[in-house]
Amino acid sequence: MTVTERPIDRLAYAHDASHFALVPRTVIIPQDTAEVAELLRTTRRAVTFRSGGTSLSGQGVTDDQLVDTRRHFRDIRVHGDGTTVEAQPGATVRQVNTRLLRYGRRLGPDPASEIACTVGGVVANNSSGMLCGTTENTYRTLESATLVLPSGTVIDTADPEAHRLLLEREPDIHHGLLRLRDRIRGNPESVEAIQRLWAIKNTMGYGLNSFVDFDQPLDILLRLAVGSEGTLAFVARATFRTVALRTHLATALLVFADLDAATRALPDLVAAGFAAIELLDSTSLRVAQRDPKATADLLRLDVDQHAALLVELQETTAEALAARQAGVTALLDSLPLVNPAELSTDATRRGQLWHIRKGLYTLVAGARPPGTTALLEDIAVPVERLAATCAGLSRLFIEFGYADSVIFGHAKDGNIHFMINERFTSLDRYTRFTEEMVDLVLGQGGTLKAEHGTGRMMAPFVRRQYGDELYGIMRDLKQLVDPRGILNPGVLLTDDPEAHLHDLKTTPVVEKEVDRCVECGYCEPSCPSRDLTMTPRQRIVLRREMQHARASGDQALAGELERDYEYAGVDTCAVDGMCQTVCPVGIDTGDLVRRLRAEVQSPAAQAGGRAAARHWAGVTRAAGVALTIADRLPAALPRTVTRVGRRVLGPDRVPEYSADLPVGGSRRPLRRAAEPVAIYFSSCTTAMFGPTDPPSRKTTAIPSDRTSPAHGAGPALGADPALGINVALETGSALRPDSVFEAGTARGAASALGAGSAFEAGMALGPSPALGAGSALGAGSALGAGSALGVAEAFLLLCNRAGVSVATPDGLPSLCCGTPWKSKGLSAGHHEMSGRVVAALRAATRDGAIPVVCDASSCTEGLAALVEGITVVDSVVFAAEQLLPRLVVRQRMASLTLHPTCSSARLGIGPALRVLGSAIAETVIVPDDWGCCAFAGDRGMLHPELTAAATGREAAEVRRNPTSGYASLNRTCEMGLSRATGQPYRHVLDHLERVTRHDP
């Protein structure tokens, strides 16, 4: 169990997706259920459990002990044919559904935050979503769970002896639940109120419907845990009954003259079997028209009082969908629509329609004024009261000056969401708005929380919704199960009538990358450093906390945060951009980190970056030679040299050598062609690193000499070339910035890395004699790349075999996509290289007349960002579209493991990668737990603990499921995965070349 009280850790966890912020006294990261049980058994302080942190009502923050139940609680087990699935609380809904996809099943709850929300949160909040209604939500589909009670007692409700164990170990709870059950059932008014309020979506207070629906104490306790927001028990494992995945879909946007007309159509649409009916009010439609992706028909609409319903039919077969479409034609024709009713099965059109609905949050939250907080709330009323409720909310928005507030939601369930932007500089407006909103909803017979949980936001209003009797039962239940009151106090029930007005989050203006963040946490599951140091959300909130500290005059705290942030926030960020792909407001936290790195680069470092860019051919060749020489030395020697350098100059400046690094690569190929189809831009990583062979005799695990103070060290599983060009220049070396390499040779001066270092570019991987002109640096050198071909040679052989002509740009050995400089914040070197690359590619492509093909996905992405007006294509896409149709696969492999990369995901080339994989092997496996390997330039070698943390789960999955081959599409990612798994990863084109040979 890890326990930390460092300010940087406490403040990183002080924020979740809600508009509350409390700073925990202690952050605890338990390893397993036994440690949680021991903590509850022995603690005298309050405990709050936190997994995904996507809750919107303040359930996941505390000023006492916060327990991270995500990091070590992510196991998922699918049972049988997928009809049930067992998951731990740290697994996200998307991860569970990914496992279920191959069985044609999914979880019943379908929250919009499924990319980040966890099973723990789904159970704690009784999550539902757009499709599940009240029949497939968590309460209805939960089959069993392992509960850790506040006393530390662990009960597995799936155990046949569980009923007896509850009676023996917790007799007070057993008998008390029976008394509460009989008290409710003996009061007809209580039963009627429960049946009425739980006929709609309702997550307000405890789920008292369990006392009506179930008889036995254990069954009641299990369902009471659902929606209890961590105030009754810790759910260490949950088993769900899954539902069939309906893959045949038809979608339409139905626009009505006003809200009343739209809501009047609801009963017939629900009866017709529409799986989703999503409401958008007039403000929603006007906001949606601002979206650059708005459809033409939406832009043509002159919105006045209009409202729309986004409807979708879902079936498991095409025949069933066609029959359902035919059955609703007459109904749609009878509706008073202002637009034609067209149910579309086209995936592109359907995606556009759903973007209208799902893009509302992005548009409103992203465009909010700096310094404001986005509040997303939800309520539910009987469907027939929906129109009056929406009209009342609209009046309140106008009355209290909440401009651009929107109303949208799950109309078929009477469940709507509304979003406002609030600055919290004065509480008067917000207080009066909340009071009137509560009166409005309760006056319509509704519930103040439908999906998002009571939390701190609505805890003061639980009594008002339920009355004294049912509220009293809830208080008695809490006292019965948690007599010490240690589990999440202040959440769900409170004695403070103004609890919703305390500890409100303020968002100071800091910088452009930070100010748009709504702290939703969608970015966290994709972040490779999430289990080592921090996540993108935490990087951003800590920038806000630093600003808070400076503004309040606490310079000591600000200084401590800045010092600790250097490693946790900057050094261990992979700047892979995966956070941007899932961020609802499009933030790439890597941009923030790159800028912060640039701000601390010295003039000497910038000069060194420029010098390296001018002599890049020499840098890459020297790196390759150094690797080859180091490979022939006893592994301890180059490892010792680099460790000394890391201690002297710092672990973020000197890479760490590992014996499992490959030998150096070959010189980048040059090719001329009269009429080339494309210009081939081979990555400079192929010149530095030879292809991966099976593990050699020297492969060993190496410990890292730098650890995360809060979370401990991970095994050193990562290494990478990267450009640490500032090593000698930062330490006062006599070497001039413009003379790192002379006449193309690997000429270097002695540095702090040790006399005789091969070169001064920060990639000195081992001691070697100084290399003069004419040394073994050329293509085909005896120091070459080993038995495997490597992607450059493989690509050219495939082009020859397919009869496709390609050429290379002039000066290719001295060119680079610029990513190494950009990721380090070396703007001078990036500018130098950018200018040369753009000029070379404009000349080679005849100013964009033909495309550029690159053989490393990260370099493809870098080039695409660098050159405008020139099409840049990854070699995987080029091979799938231009080469594969002209090739003959001679002998397919039995199986192949594919590792996509962060850049391939951002580029959207996954389908092409799968096409090649399917051509190469009978069975293709993409690990369920694949993610960014965090090699990220030099991150893997500078901070091997980062790559270890990022690849741990994927590597374990790969080791459990061995295949005939292993492939990726980026050289350094292949190295990282080879190290992590012990298997030889090669570029997918290397495998394709082998299976299309005449003699494979």
Side-chain angles (χ1 to χ4, degrees), residues 112 130-131 246-363 383-384 386-387 390-391 394 406-417:
M130 290 181 287
L131 303 176
R246 298 182 287 270
T247 56
H248 296 270
L249 315 169
T251 312
L253 184 68
L254 311 178
V255 182
F256 297 82
D258 55 37
L259 192 61
D260 184 65
T263 54
R264 282 202 310 270
L266 284 173
D268 290 338
L269 291 169
V270 173
F274 281 92
I277 308 175
E278 294 292 300
L279 172 70
L280 297 88
D281 72 344
S282 58
T283 306
S284 298
L285 294 174
R286 279 189 286 269
V287 169
Q289 288 177 325
R290 304 175 195 166
D291 193 324
K293 297 181 181 179
T295 59
D297 49 345
L298 178 61
L299 292 174
R300 286 194 299 268
L301 182 65
D302 185 12
V303 178
D304 183 17
Q305 299 299 314
H306 295 85
L309 296 175
L310 180 64
V311 299
E312 184 165 276
L313 296 172
Q314 298 187 352
E315 295 295 339
T316 57
T317 66
E319 294 76 15
L321 179 63
R324 183 61 65 88
Q325 286 181 267
V328 302
T329 300
L331 169 61
L332 295 180
D333 290 342
S334 70
L335 296 176
L337 302 177
V338 300
N339 69 325
E342 178 188 354
L343 279 167
S344 176
T345 59
D346 178 72
T348 300
R349 171 65 175 171
R350 290 185 52 258
Q352 292 172 337
L353 293 176
W354 275 110
H355 179 78
I356 294 172
R357 159 65 175 86
K358 295 181 178 181
L360 288 173
Y361 181 84
T362 300
L363 287 169
V383 172
E384 64 273 14
L386 191 59
C390 291
S394 297
V406 295
I407 300 172
F408 56 94
H410 318 314
K412 75 182 179 73
D413 301 311
N415 171 205
I416 55 173
H417 305 308

message = Apply side chain to side chain contact (heavy atoms under 4.5 Å, CB included) to residues Thr283 and Ile407 and explain how you reach the verdict.
response = CA-CA 7 Å; Thr283 306; Ile407 300 172; over 6 Å; no
So, for [X] and [Y], which heavy atoms are closest and what is the spacing to 0.1 Å?
X: Val383; Y: Gly414; answer: CG2-N, 3.8 Å
X: Leu331; Y: Ala272; answer: CD2-CB, 3.7 Å
X: Leu301; Y: Gln289; answer: O-NE2, 2.7 Å
X: Thr329; Y: Gln325; answer: OG1-O, 3.0 Å
X: Leu335; Y: Ala265; answer: CD2-CB, 3.8 Å
X: Val338; Y: Ala257; answer: CG1-N, 4.0 Å

Can you confirm whether the side chains of [X] and [Y] place a donor and an acceptor under 3.5 Å from each other?
X: Glu278; Y: Trp354; answer: no
X: Ser344; Y: Asp346; answer: no
X: His248; Y: Gln314; answer: no
X: Thr251; Y: Arg350; answer: yes

Can you tell if the side chain of [X] reaches within under 4.5 Å of the side chain of [Y], non-hydrogen atoms only?
X: Lys412; Y: Leu269; answer: no
X: Leu249; Y: Glu312; answer: yes
X: Pro340; Y: Asp297; answer: no
X: Leu259; Y: Ser282; answer: no
X: Val255; Y: Leu298; answer: no
X: Thr295; Y: Ile356; answer: yes

Nearest-0.5 Å distance, [atom1] of residue [X] to [atom2] of residue [Y]:
X: Met130; Y: Leu310; atom1: CE; atom2: CG; value: 9.0 Å
X: Ile277; Y: Thr263; atom1: CD1; atom2: OG1; value: 12.0 Å
X: Leu360; Y: Arg290; atom1: CG; atom2: CZ; value: 10.5 Å

message = Assess whether a salt bridge exists between Asp258 and Arg264, defined as any Lys/Arg side-chain N lying under 4.0 Å from an Asp/Glu carboxylate O.
response =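 Answer for the salt bridge query: no.
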ask   = Do Glu315 and Arg246 sit within salt-bridge range, that is, some charged N less than 4.0 Å from a carboxylate O?
value = no
Using only atom types and a distance under 3.5 Å, with no angle test, would you say the side chain of [X] pairs donor to acceptor with the backbone of [Y]?
X: Asn339; Y: Leu253; result: yes
X: Arg324; Y: Glu319; result: no
X: His355; Y: Leu353; result: no

Identified side-chain contact (heavy atoms from CB on, under 4.5 Å) counterpart of Leu280 within the set Val287, Leu309, Leu285 =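 It is Leu285, the one option of Val287, Leu309, Leu285 that forms the side-chain contact (heavy atoms from CB on, under 4.5 Å) with Leu280.
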request  = Using the side chain to side chain contact (heavy atoms under 4.5 Å, CB included) rule, take Thr247 and Thr316 through it: C-alpha gap first, then chi angles, then the decisive distance, then the call.
outcome  = CA-CA 6 Å; Thr247 56; Thr316 57; over 6 Å; no
task = Any chance you could lay out the salt bridge (Lys or Arg N to Asp or Glu O under 4.0 Å) test for Asp281 and Arg286, step after step, and finish with the verdict?
result = CA-CA 9 Å; Asp281 72 344; Arg286 279 189 286 269; over 6 Å; no
request  = Go through the structure and list residues passing ring pair (Phe, Tyr, Trp, His ring centres under 6.0 Å) with Phe274, not counting sequence neighbours.
outcome  =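 By the ring pair (Phe, Tyr, Trp, His ring centres under 6.0 Å) rule, Phe274 matches no residue at all.
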